[in-house]
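Here is the structure we will look at.
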Amino acid sequence: MRADTLVILDFETTGLSPDQGDRAIEIGAVRLVNGKIKGQFQALMNPGFPVSSFIEDYTGISNSMLSEADSCQQVMTDFSDFIADDNLVAHNVAFDRRFLDAELKRLGKHLNGEFSCSLLLSRRIFQDAPSHKLGELIQFTNIPSSGGFHRALYDAQMTSYLWMAMLDSIAERYGLFDLSFEQIQKLNKTAKKSVDKLLKSWCA
DNA sequence: TGCCAGGCCCTCTTTAGGGCCTT
């Protein structure tokens with residue numbers, strides 16, 4: 001059993017950089033408890049300005065949908081309550097963390113949980129994957145998918161399945177069934193060529 | 001005026017450059 005409780009999250013945003021004025025437009029997240037999904041959160045949020053046609057096409061989230069959504073302030077307040085003090089995972093967490101920090105900073109809130117990254121872990125655990133994009137990793141690991149990527153809750157759900165597939169792969173290959181969040185963070189920071197040695201060192 | 005993200009990670013590297021990943 002995996003004792004860790006995690007929140008796996010994904011943002012859809014108006015662009016790539018909160019420092020350039022971009023805002024979140026959707027948050028999706030699932031809570032994993034002992035390797036099972038035990039809760040979820042999804043909400044659109046109105047960034048206060050129109051999103052580009054690129055973002056409308058990329059996400060399927062239209063300006064019309066956003067005009068009826070709650071404010072970023074309201075949604076992020078609710079989401080902050082949802083994540084509480086749990087540790088957090090995202091696919092390319094550097095991206096999602098920038099937006100999470102930026103939106104919470106506007107509310108005067110800060111995080112207590114630690115972060116880990118499914119993208120960094122996948123580059124180490126699935127070194128043979130042709131690509132480490134979320135959608136292609138889902139295909140690579142034969143996880144069933146309806147192809148609804150680029151919506152926040154769907155991507156968060158798929159990331160959670162990928163996360164469990166990576167832990168299963170580690171368990172299968174090394175007999176390590178109960179990696180701690182701290183150990184996974186250490187894997188995130190370990191050079192690819194040294195990951196095998198590190199995992200073997202934990203087997204004893 | 002012109003430009004516009006940032007962190008990871010590899011290599012033809014470390015006094016750097018460029019691809020990958022996220023929207």
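Every heavy atom of this structure was used, including side-chain atoms; hydrogens, water molecules and symmetry mates were not. As the structure is a computational prediction, the values presented were derived from the model and not from experiment.
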All N/O pairs under 3.5 Å across the protein-nucleotides 6-8 of chain B interface:
{"residue": "B:dG6", "atom": "OP1", "partner": "A:Asp19", "partner atom": "OD2", "Å": "3.3"}

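A:Thr5 and A:Asp86 form no side-chain donor-acceptor contact under 3.5 Å, judged by distance and modelled atom types alone. Counted by atom type alone, A:Asn46 and A:Ser71 present zero donor-acceptor pairs between their side chains at under 3.5 Å.
Between the A:Ser169 side chain and the A:Met166 main chain, no donor and acceptor come within less than 3.5 Å of each other.
A salt bridge (charged side-chain N to carboxylate O under 4.0 Å, His left out) check over residues 7-20 of chain A, counting only residues at least two apart or in different chains, returns nothing. Applying the ring-ring contact (aromatic ring centres under 6.0 Å, His included) definition to pairs two or more places apart or across chains, those involving residues 20-53 of chain A are A:Phe41-A:Phe79, A:Phe41-A:Phe82.
Both A:His150 and A:Ala191 lie close to DNA chain B; mapped to their nearest nucleotides by heavy-atom distance, the more 5′-ward contact belongs to A:Ala191. If you find the closest nucleotide of DNA chain B to A:Lys193 and to A:Gly15, the one lying nearer the 5' end belongs to A:Lys193.
Within 4.0 Å (heavy atoms only), A:Leu134 reaches sugar-phosphate atoms of the nucleic acid but no base atom. A:Ser131 comes within 4.0 angstrom of the backbone, heavy atoms only, and of no base. At the heavy-atom level, A:Asp10 lies under 4.0 Å from the strands shown only through sugar-phosphate atoms.
Remark: A:Lys109 engages no residue in a side chain to side chain donor-acceptor pair (under 3.5 Å) (not counting sequence neighbours). Evaluation of the side chain to side chain contact (heavy atoms under 4.5 Å, CB included) rule for A:Thr159 yields A:Ile8, A:His91, A:Ser118, A:Leu134 as partners, not counting sequence neighbours.
B:dC3 and B:dC9: their P atoms are spaced 30 Å apart (whole Å). Comparing the C1' positions of B:dT13 and B:dG19 gives a spacing of 15 Å, expressed to the nearest Å. Remark: the separation of the C1' atoms in B:dA16 and B:dT23 is 28 Å, to the nearest Å.
Across the protein-nucleic acid pair, A:Leu162 atom CG and B:dT22 atom P stand 11 Å apart, rounded to whole Å. When the C1' atom of B:dC9 is taken as reference, atom NZ of A:Lys189 falls 16 Å away, rounded to whole Å. The interatomic distance linking A:Glu12 (CD) with B:dT22 (P) rounds to 11 Å, in whole Å. Remark: C1' of B:dC9 and CD of A:Gln127 are 12 Å apart, rounded to the nearest angstrom. Across the protein-nucleic acid pair, A:Phe149 atom CZ and B:dC21 atom C1' stand 15 Å apart, rounded to whole Å.
Less than 4.0 Å separates DNA chain B from at least one heavy atom of each of the following residues of residues 54-63 of chain A: A:Phe54, A:Ile55, A:Tyr58, A:Thr59.
One finds no side-chain N or O of A:His132 lying less than 4.0 angstrom from the OP1 or OP2 phosphate oxygen of B:dC20.
Ion pairing of A:Asp196 with A:Lys200 is present here, as a side-chain N (NZ or NE/NH1/NH2) and a carboxylate O approach within less than 4.0 Å.
The neighbour count for A:Gln127 CD, taken as heavy atoms of other residues, nucleotides or ligands under 6.0 Å away, is above 12.
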